[in-house]
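Below is one structure, written out as structure tokens, with a few remarks after it.
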Amino acid sequence: MFAVVAIILIFLVVFVLKHVFGSSGPNPFEKDCREPLKKMVFDKKERNKVLKQGFLASKVPENLDAIIIGSGIGGLGLAVFLAKVGKKVLVLEQHSRAGGCCHTFTEKGFEFDVGIHYVGELLDHKPFRCVLDQMTNGQLQWAPLENPFDHIVLGPPENRRCYPIYSGKTRFPEELKKCFPGEEKAIDEYLRLVKKTGNGVWLLAMLKILPLPLAKFLIYTGLVKHLSYFFKMAPRTLADVVGELTQNKDLRAVFSYIFGTYGNAPKEASFAMHSLLTTHYLNGAWYPKGGSSQIPYHMIPVIEKAGGAVLVRAQVNRILFNQEKEACGVSVLKGQEEVHIRAPMVISDAGIFNTYEKLLPKELQAMPAIQRQLGMVKHGESGLSIFVGLNGTKEELGLKANNYWVFAENDFDQLVAEYRSKKREEAAKNVPLLFVASPSAKDPTWEERSPGKSTLTLVSFAKYEWFEEWKDGKVGNRGPDYKDLKQAFIDSALEVVLDVYPKITRDKIEYIDAGTPITNAHYIAAPRGEFYGVDHGIARFHPEFSTMIRPQTPLKNLYLTGQDVMLCGLTGALAGALNCGSAILNRNLHLDTISLAKRAKCSNNKMKEE
Ligand SMILES: Cc1cc2nc3c(=O)[nH]c(=O)nc-3n(C[C@H](O)[C@H](O)[C@H](O)COP(=O)(O)OP(=O)(O)OC[C@H]3O[C@@H](n4cnc5c(N)ncnc54)[C@H](O)[C@@H]3O)c2cc1C
Ligand SMILES: *[C@@H]1O[C@H](CO)[C@@H](O)[C@H](O)[C@H]1NC(C)=O
């Protein structure tokens, strides 16, 4: 028996090594592309020349190698990888500017980000940092948040307890222990578990890259759970694991608060996903210098240099297929007319639901293999963002480069269940969970760009159903009832903010408005207003889901990229692009990024010695 297992294992190892190292495609990170820092461009007109290139059939380059639907980091990132190996790629974006969740908009002179508040894993020489440096020719810079970077506020207004969260592998537990004397063991054990679980994420990426039969072999033999603690812990809920560690309800909440960054309350969250987010910020948190639109702004020229283009106001209304059911192009709606564009491959960053339910012809959508994948996925949590423009500097208003997570109570499962069960008018009266941060205070270039002003962004969850009846209305003019409902959410959220930030007063507010789930549906094409794409609950981390939902689709020459094929977040969606690039270029780009990071570290050490 042992001999058989040993033979299988040896066979497996050889096969894996061959697959992993026997790569044949070109490496996008071959050459160091970083250039000396140029002066940052703040002029709106100059920036729009890059970010807002409107679609015209005449602007479509000839002899395309690929078409990418959607200009989020998953789409642009992949386009950059392909451009770096000389491919001519067209990226099509439905909104009027490029960037997806990384786009920014300006109202009354205040610039706001849509979906980037803080990003982890960006220490110099860490793989994601090195990749982002290469993707932007070294022009994208990151500003660290303060330490503590997060503050958790628990309880009702008359009894709010505040807990600071520090980054740093030793600082994180040390500071928690100061807040929770007697809980040292629970805190150490929590950290041990999240690290061990988070470290196992490599297998999630591998399951999506390995040939299907091999990945299935790992699943059905149960080897996945032995090879990686990630999959061992994936079926356990956050509530379950944390419940075993401590009886202290505030500490349980502090261990769990980061669920807000992926959307599943502790009873539904997988401890594996939770571990990833906790470890994500363990070495610090950063904000893109100059705001999140710097990300697309510095990537688009790389795509153009290889002959490609990034065009906006280009809504793809269907993917084109030939007789053999192979993707061969897309159709873009231009007014009432369809413009057909051909390419040998089509990649979608628009998410699984949009791609399969809106962009495929009915008969292909009905294919059992497509239906099977659709049967595995669920829409993620939708939400609400409130954008506030303030008169005053960060010093005057007491704003810092950090975030507040404010919860009306420490039992998050109960809090979420109660909130979700309410009628919309009731829910609006009392928003029980709120993320609050000042993007302007995080950005060292802000003072120069908008002297004397500041911004705040508030984020909470909100049910799509609460707003659904207005979904077909016109943006900016959905009627008085919609406006009233938005105002009710704004008013109750503002109460919380004025309490947590005592230096902010109502007379300082120059601009305030809210984006609802139907706003998300409009600007980022999230079908039900989802913040983070496909639901990140337990089911998503079943090894079979992890294997089946991969860049290759059941349809030839059609691929998926972005958050739905890996995980949410800037780095999650970028990892999705790495997965997709691996499939297309037939090499393991994750390993390439690791060796890129090693090279960067070596060359930097050499520079230090000299
Ligand atoms: C409010 C909010 C806060 C967040 N905060 C953070 C944070 O602090 N840190 C972090 O790391 N992550 C955060 N995230 C998550 C992160 O922004 C996303 O997970 C990630 O950017 C998703 O990238 P993507 O490329 O997969 O998708 P997206 O950025 O959503 O891009 C998809 C693009 O496809 C376009 N599209 C869809 N259909 C079509 C079509 N038919 N034709 C043409 N174009 C189409 C859409 O318009 C969109 O631009 C946040 C998200 C939200 C919403
Ligand atoms: C901003 O505040 C200053 C005083 O602090 C005031 O003079 C100015 O008029 C205010 N601007 C607006 C637009 O309210």
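Start at 1 with the first residue, then count along the sequence. In this text the structure is predicted, and so the values were computed from the model without any measurement. Note that ligands are numbered from 1 as they come in the structure, with each ligand's atoms numbered from 1 the same way.
Between Tyr501 and Tyr404, the ring center distance clears the sub-6.0 Å criterion. Side-chain rings of Phe259 and Phe412 approach one another, their centers coming within less than 6.0 Å.
Taking both residues in full, the closest heavy atoms of Lys503 and Gly398 are given as CD-N, 3.7 Å, listed atom of the first, atom of the second, then distance. Shown here for Val312 and Leu51, the closest heavy-atom pair between the two residues is CG1-O, 3.6 Å. Shown here for Ser275 and Thr197, the closest heavy-atom pair between the two residues is OG-CB, 3.5 Å.
Polar contact check, Glu93 against ligand 1: a nitrogen or oxygen pair lies under 3.5 Å apart. The N/O atoms of Asp349, backbone and side chain alike, include one that comes under 3.5 Å of an N/O atom in ligand 1. Considering backbone and side-chain N/O of Thr571, none are found under 3.5 Å from N/O of ligand 1. When only interatomic distances are considered, the shortest N/O to N/O separation between Gly74 and ligand 1 falls below 3.5 Å. In terms of polar-atom proximity, Tyr118 is counted as a contact of ligand 1, with an N or O under 3.5 Å from an N or O of the ligand. Residue-to-ligand polar distances keep Lys453 apart from ligand 2: every N/O pair is separated by 3.5 Å or more. Looking at Gln94 next to ligand 1, an N or O pair under 3.5 Å apart turns up. At a 3.5 angstrom cut-off on N or O pairs, Leu359 does not count as close to ligand 1. Ligand 1 has a nitrogen or oxygen under 3.5 angstrom from a nitrogen or oxygen of Ile73.
Each of the following atoms of ligand 1 lies closer than 4.0 Å to a heavy atom of Leu570: 10 (C), 11 (O), 12 (N). Taking every non-hydrogen atom of Ala314 and a distance limit under 4.0 Å, the qualifying atoms of ligand 1 come out as 42 (N), 43 (C). Residue Gly562 approaches ligand 1 through these ligand atoms, each under 4.0 Å from one of its heavy atoms: 26 (O). Which parts of ligand 1 touch Val114 is read off a 4.0 Å heavy-atom cut-off, strictly below it: atoms 1 (C), 2 (C). Every atom of ligand 1 with a heavy atom of Ile524 under 4.0 Å away is listed here by number and element: 46 (C), 47 (O), 48 (C). Atoms of ligand 1 found under 4.0 Å from any heavy atom of Leu92, numbered from 1 in the order shown, are 43 (C), 44 (N).
Using cut-offs of 30° and 60° on the angle between ring planes, the pair His274 and Tyr262 is perpendicular. Taking the six-membered ring where the residue is Trp, His103 and Phe105 present tilted rings, their angle falling between 30° and 60°. Using bins of under 30°, 30° to 60° and over 60° for the plane-to-plane angle, the ring pair His522/His95 lands in the perpendicular bin.
The side-chain heavy atoms of Trp466 and Pro517, taken from C-beta on, include no pair separated by under 4.5 Å. At least one side-chain heavy atom of Leu92 sits under 4.5 Å from a side-chain heavy atom of Ile341. Side-chain contact check for His117 versus Tyr287: every heavy-atom pair is 4.5 Å or farther apart. Between Ser348 and Asn354 there is no side-chain heavy-atom pair separated by less than 4.5 Å. Taking 4.5 Å as the limit, some side-chain heavy atom of Val119 sits within range of a side-chain heavy atom of Trp142. Inter-residue side-chain proximity for Phe387 and Thr455 is flagged as unmet; no heavy-atom pair is nearer than 4.5 Å. You'll find the side chain of Trp470 stays beyond 4.5 Å of the side chain of Thr516, heavy atoms only.
Among Cys568, Gly569, Gly115, Gly72, the residue whose heavy atom sits closest to atom 20 (C) of ligand 1 is Gly569.
Protein heavy atom closest to atom 34 (O) of ligand 1, with residue, atom name and distance, is Gly70 CA, 3.2 Å. What sits closest to atom 40 (C) of ligand 1 on the protein, heavy atoms only, is Ile69 CG2, 3.7 Å. Looking only at heavy atoms of the protein, atom 38 (N) of ligand 1 is closest to Ala350 CB, 3.4 Å. Residue, atom and distance of the protein heavy atom nearest to atom 13 (C) of ligand 2 are Glu510 OE2, 3.3 Å. The protein non-hydrogen atom at the shortest distance from atom 19 (O) of ligand 1 is Gln563 OE1, 2.6 Å. The protein heavy-atom contact nearest to atom 42 (N) of ligand 1 is Val316 N, 3.0 Å. Among all non-hydrogen protein atoms, the one lying nearest atom 7 (C) of ligand 1 is His117 N, 3.4 Å. The nearest protein atom to atom 23 (O) of ligand 1, hydrogens excluded, is given as Ala573 CB, 3.5 Å; this is a heavy-atom distance.
The closest approach between Thr561 and ligand 1 stays at or above 4.0 Å for every heavy atom of the residue. Using 4.0 Å as the threshold, Ala526 has no heavy atom nearer than that to any atom of ligand 1.
Both the backbone and the side chain of Cys101 come within 4.0 Å of ligand 1, judged by heavy-atom distances.
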